Amino acid sequence: MRGTWKLKLRMILTSVIMFTIIYFLIMIVGHYLGVSSWRLYLGASLVITFLQYWFGPSLVKRSMNVRPLSEAEAPHIHKMVQELADEAGIKKPEIGLSEINIPNAFAYGRSSRSGHIAITRPILGLLDYDELRAVLGHEMGHIKHNDMIVTSAVSVIPMICYYIALSFMFSGDNDNGGAIIIGILGYLFYLVGQLLVLFISRTREYYADEASVEFGNRPAALVSALYKLSYGAAKCSDQTIADLNTNRAFFVNDINNAKHDVTDFSQIDFDGDGKISDEELRRLANSDVKISRKSGAMELLSTHPDSLKRVKRLAELEP
């Protein structure tokens, strides 16, 4: 199994770039408002980043309606998570149940020492034992890699840029175009920041997939789980998807692309039983996968890798 140094390097570079963006934008706003202290800009940037780091997990927990899942309620899930934590060599994460109407799972927390794994109620009964363990292994990978807090911390920066852009574009105070220029810069930084957040989000999913296999799960079990979760999300209402859109990066798959993903998965479900077997995945490993231009463009705006590319990577791990 390959190391995670590339993932760590990309997370560090993304964090540095995002911090530079928010520092530069706050500096411009400060100069416009007549404040010229670099210490103030630096302090404001650090405070914004720290607040997201500190309160991010609590915000995720509240927005996803998570409550603790006791061992008495789900002993088999606690057993799986303990086994996976032992495989990962980290402390057993806290386990929660998310009361939202879409089948999925997610990880959050400040570090691998304070990690949380949550499953949503609809996932119960949808996945079989191997599939559920593979999904939990994927989430354990996020905790081991400490990537969830980076995603949480940097994701707030584009939104700050966006609100600054709106505030100055429509402030009514042109002042020789100064406010408009700040608004335009804020919007450009918002777009760049969003693309960076999506990039690091897609990257971390590949490593979490590999971690699940490293923890003893079959690649086909994870692919089969992704297939079922995509199908479950595709059956949800548009309003349900929209309500969870801001948190979709935390899920195992991108719920926005669920219908497209179901179509992709069905192409390798050769016997049409709604699952992906080891043999079906091996057939994919020995074939070429071509991604259309439309799918490639969709991937750039997605929190997760293209489903066929992701499955192809998993197929290459099939023994």
Side-chain angles (χ1 to χ4, degrees), residues 4 7-8 10-11 14-15 18 48-70 74 77-78 80-82 84-85 88 90-124 132-159 197-198 200-209 211-212 215 225-226 229 233 241 243-256 302-304:
T4 59
L7 173 64
K8 293 175 182 178
R10 289 172 182 176
M11 289 194 296
T14 299
S15 299
M18 296 294 270
I48 290 171
T49 305
F50 176 77
L51 288 176
Q52 180 64 9
Y53 164 80
W54 189 258
F55 292 107
S58 297
L59 294 174
V60 171
K61 181 179 180 180
R62 182 175 299 179
S63 64
M64 299 288 234
N65 195 15
V66 178
R67 68 166 178 83
L69 182 65
S70 69
I77 292 177
H78 276 265
M80 284 185 199
V81 172
Q82 184 62 70
L84 290 165
I90 60 176
K91 176 185 174 183
K92 178 188 175 187
E94 298 293 326
I95 305 173
L97 181 67
S98 173
E99 300 286 358
I100 57 177
N101 293 320
I102 191 166
N104 225 293
F106 53 95
Y108 63 98
R110 298 189 190 96
S111 72
S112 59
R113 293 185 296 275
S114 60
H116 293 72
I117 289 179
I119 59 172
T120 65
R121 186 173 293 278
I123 203 175
L124 298 173
L132 182 57
R133 193 180 190 281
V135 167
L136 293 175
H138 173 97
E139 300 307 331
M140 192 68 70
H142 285 310
I143 294 176
K144 181 176 176 64
H145 300 155
N146 284 314
D147 61 36
M148 65 279 183
I149 191 57
V150 174
T151 301
S152 178
V154 301
S155 63
V156 72
I157 293 177
M159 295 312 301
V197 170
L198 293 173
I200 199 64
S201 179
R202 291 193 301 271
T203 300
R204 75 190 192 110
E205 294 302 327
Y206 283 126
Y207 284 88
D209 285 350
S212 183
F215 300 154
L226 293 173
L229 293 177
I241 300 298
D243 290 343
L244 296 169
N245 186 57
T246 55
N247 287 323
R248 73 186 196 275
F250 290 96
F251 290 135
V252 178
N253 61 319
D254 191 344
I255 57 177
N256 279 4
S302 176
T303 55
H304 292 66

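From a predicted model like this one, the values you see are computed outputs, not experimental measurements.
Here R248 pairs with D254 under the salt bridge (charged side-chain N to carboxylate O under 4.0 Å, His left out) rule; sequence neighbours left out. Here A225 pairs with L127, E131, V135 under the side chain to side chain contact (heavy atoms under 4.5 Å, CB included) rule; sequence neighbours left out. Scanning for side chain to side chain contact (heavy atoms under 4.5 Å, CB included) contacts around H116 gives E94, Y108, with sequence neighbours left out. Qualifying side chain to side chain donor-acceptor pair (under 3.5 Å) partners for S111, counting only residues two or more places apart in sequence or in other chains: none. Qualifying side chain to side chain donor-acceptor pair (under 3.5 Å) partners for S70, counting only residues two or more places apart in sequence or in other chains: E73. Legend: residues meeting side chain to side chain contact (heavy atoms under 4.5 Å, CB included) with N101, ordered by chain and number and at least two apart, are absent. Residues passing the ring pair (Phe, Tyr, Trp, His ring centres under 6.0 Å) test with H304, sequence neighbours excluded: none. Remark: L124 engages I77, L97, I119 in a side chain to side chain contact (heavy atoms under 4.5 Å, CB included) (not counting sequence neighbours). Under the side chain to side chain donor-acceptor pair (under 3.5 Å) criterion, K8 pairs with no residue, sequence neighbours left out.
One distance of note links CD1 of I200 with OG1 of T14; it measures 4.0 Å at 0.5 Å rounding. Taking OG of S114 as the start and CG of N146 as the end, the distance is 8.5 Å to the nearest 0.5 Å. Rounding to the nearest 0.5 Å gives a distance of 5.0 Å between CD1 of I123 and CG of L229. Atom OG of S112 sits about 11.0 Å away from atom CE of M140, to the nearest 0.5 Å. In this structure, CD1 in I157 is found 5.0 Å from CE in M18, a value given to the nearest 0.5 Å. For the atom pair T246 OG1 and L59 CG, the distance stands at 10.5 Å (nearest 0.5 Å).
Sorted by first then second residue, the salt bridge (Lys or Arg N to Asp or Glu O under 4.0 Å) pairs that include residues 51-64, not counting sequence neighbours, number zero. Residue pairs meeting the salt bridge (Lys or Arg N to Asp or Glu O under 4.0 Å) criterion with at least one partner in residues 109-121, sequence neighbours excluded, are E99-R121. A salt bridge (Lys or Arg N to Asp or Glu O under 4.0 Å) check over residues 136-158, counting only residues at least two apart or in different chains, returns the pairs D147-R204.
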Candidate pair V154 and M11, rule side chain to side chain contact (heavy atoms under 4.5 Å, CB included), full reasoning: CA-CA 10 Å; V154 301; M11 289 194 296; over 6 Å; no

Evaluation steps, side chain to side chain contact (heavy atoms under 4.5 Å, CB included), between F106 and V60: CA-CA 10 Å; F106 53 95; V60 171; 4.2 Å; yes

Evaluation steps, side chain to side chain contact (heavy atoms under 4.5 Å, CB included), between E205 and T303: CA-CA 9 Å; E205 294 302 327; T303 55; over 6 Å; no

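Taking the six-membered ring where the residue is Trp, F50 and W54 present parallel rings, their angle staying beneath 30° rather than reaching 60°.
What you find for T203 and Y207 is that their closest heavy atoms are O-CD1, 3.3 Å. Heavy atoms only, all atoms of each residue included: A85 and P93 are closest at CB-CD, 4.2 Å.
Between M64 and L244, some side-chain heavy-atom pair lies under the 4.5 Å cut-off.
Judged by distance alone, the side chain of N104 and the main-chain N or O of V252 form a donor-acceptor pair under 3.5 Å. A donor-acceptor contact shorter than 3.5 Å is absent between the side chain of S201 and the backbone of V197. Remark: side-chain polar atoms of T120 are paired, donor with acceptor, to backbone N or O of I102 under 3.5 angstrom.
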